Protein chains: 2
Amino acid sequence: MTDRLSDMLTRAARLIAGDGHSAGLKPVQWQALRYLGIANRFSRTPGALAAWLGQTKGTVSQTVATLERKGLVERTGDADDRRLVRLTLTEAGRALLERTPENVADAMLAGLTAAERAIFAPLLAHMLAGFLAARGHRPFGLCAECRHFLRDAERGSPHFCGLLDVPLGREDAAAICVEQEAA
Amino acid sequence: MTDRLSDMLTRAARLIAGDGHSAGLKPVQWQALRYLGIANRFSRTPGALAAWLGQTKGTVSQTVATLERKGLVERTGDADDRRLVRLTLTEAGRALLERTPENVADAMLAGLTAAERAIFAPLLAHMLAGFLAARGHRPFGLCAECRHFLRDAERGSPHFCGLLDVPLGREDAAAICVEQEAA
DNA sequence: ATAATTGGTATCGAGTCGATACTTTAATGC
DNA sequence: GCATTAAAGTATCGACTCGATACCAATTAT
C-alpha cells in the first residue's frame, strides 16, 4: 500500500533541502552558514556541523573549505585542544546571511496560521527528537534548556555550563549547542 | 530573532532528503524510483518527474539516464505524442523498490502515534499545498480525488478521466497524477 | 608508555545540479 | 496551409556534493 504521508513528507523535504541556489552558493552551504549563525561558540566546529547536517566529516570539511575560499567563514585553531578548528562567520558571511532571499522552509511555514504552527511545532520536534535519539544522533537544543545550564551564576557572567565548566554569555544561552541534553 | 521552527524543519528536511545512499543509488535516484512506483501512467514521464522533484528537465534527464544505465528504468517513446518519453520500472527496479531498506521519512513518522499522525498529515498537506500553489507548482494528488475524475463510467473501464478523455483502470485511480486538481 | 579514540584533512570517483544551447514534435495564429 | 510559438527532451559544461578510504596529529585510556 502506498503511504501517502511518507511520500508527501519526502517531497516537502526535498523542496526544502534542495532550496538555496542563489548568490552562487549551494543548499548545503546556506545551511552551514545558517547553522553558524545560530550555534553557540562551543558548537561552531566542523564536527558539530557534520552532526547537524547529518554528513560525514570529510564532506563537511570540503564544504567548509569552499566557504572559506569564498571568504564567508574563517577557521582558527583552538589553543586548549589543538585538534579543534573553530569556525567563525566573517563580516561578509554575516552580511550575506542577513539579506538571505526567500526561503522555502519559511515560505511553507508562512502558509500556516499561528494556531496551526503551535500544533505543528511540537509534533515536528517530537518526531525529529525521536528519530535522532533512535539513531544515536545529537539533538542540538537551546543552551538555556539544557540540564547542564546553570542560570544566574554568582560570578561575572550571567550563566554557567556545568558540563564544560565554563561561563556563558547571554548569546550563548540563547543559541544552539551540540552538547545540549534536554533538562 | 532566530526562528527555531524553521531551523528544525530545515534540519529534518535535510535528514530526510539526504537519505538513500544504499544499494549503489543516490537519494534522488531512490526518490525517482519511488515516484515511478506511485505515479499513474500519464505521470511517468521525465517532465512530471522533474515537477515532482522540483528540478530542471536537464537534471532529471541525467538522473533518468543513470537509472536506465543501471537497468532499473526503461524509456519508451509515446506513439501519440512523439515528444513524450514514457518511463517504466523494470523488473529489477520494481524488485529493488520492494526491498527498500529503512527509510528516514518512515522512521520519523514511526515515532508518532496514529493520533498524532492524524493531526500531522493534514497540517503538512496544507503547508505543502499552499506553498506549491503560491509558487505555481503542480500539487500531484490522487487521481481519484481529482475534479476530472468520473467514478464508475458506464463503459468497459471502471472510471474515466474527463481531462484526458481516457478510461482509467483501478490502479490509475489509486495512483498519483501530474494533472490532478483537487475536487 | 603504549594503545585507542577523537577531530580534521586529502584524495578519489560517481553523481548532482542549474545554465545554456539545441533538436524534434505538437499546437496556434493568421 | 504555413509560419510561428510552445512543449518535451537531450547534450554538454563547470562547480560542487557526497561517501569511502586512507591518513595525520592531538588527546585520553589503560
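For clarity, every value in this text was computed on a predicted model and none was experimentally measured.
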With a 6.0 Å cut-off on the ring centroids, do B:Phe149 and B:Phe160 count as close? no

Among [options], the one nearest [X] by side-chain distance:
X       : options                : value
B:Thr59 : C:dC17, D:dG19, C:dT16 : C:dC17
A:Arg69 : D:dC16, C:dC17, C:dG15 : D:dC16
A:Thr66 : D:dA26, D:dC16, C:dC17 : D:dC16
A:Arg82 : C:dT16, D:dC16, D:dA26 : D:dA26
A:Gln62 : D:dT27, C:dT25, D:dT17 : D:dT17

Below the 4.0 Å mark, does [N] have OP1 or OP2 next to a side-chain nitrogen or oxygen of [X]?
X       : N      : answer
B:Arg83 : C:dA27 : no
A:Arg75 : C:dT9  : yes
A:Thr56 : D:dG19 : yes
A:Ser61 : C:dG8  : no

Heavy atoms under 4.0 Å, any strand shown: does B:Asp80 hit a base, just sugar-phosphate, or nothing?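 Sugar-phosphate: the residue B:Asp80, judged by heavy atoms under 4.0 Å, touches backbone atoms but no base.
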
State whether a side-chain donor-acceptor pair under 3.5 Å links B:Asp7 with B:Thr10. no

With no hydrogens and no angle check, do the side chains of A:Thr56 and A:Thr59 hold a donor and an acceptor under 3.5 Å apart? yes

Whichever of B:Lys70 and A:Val60 has the more 5' nearest nucleotide on DNA chain C, that residue is A:Val60

Relative to the 5' end of DNA chain D, which residue comes earlier, B:Val64 or A:Val28, by the nucleotide with the nearest heavy atom? B:Val64

Can you tell whether the side chains of B:Glu179 and B:Arg138 come within less than 4.0 Å, N to carboxylate O? yes

Indicate, yes or no, whether a donor-acceptor pair under 3.5 Å links the base of D:dG9 to the side chain of B:Lys57. yes

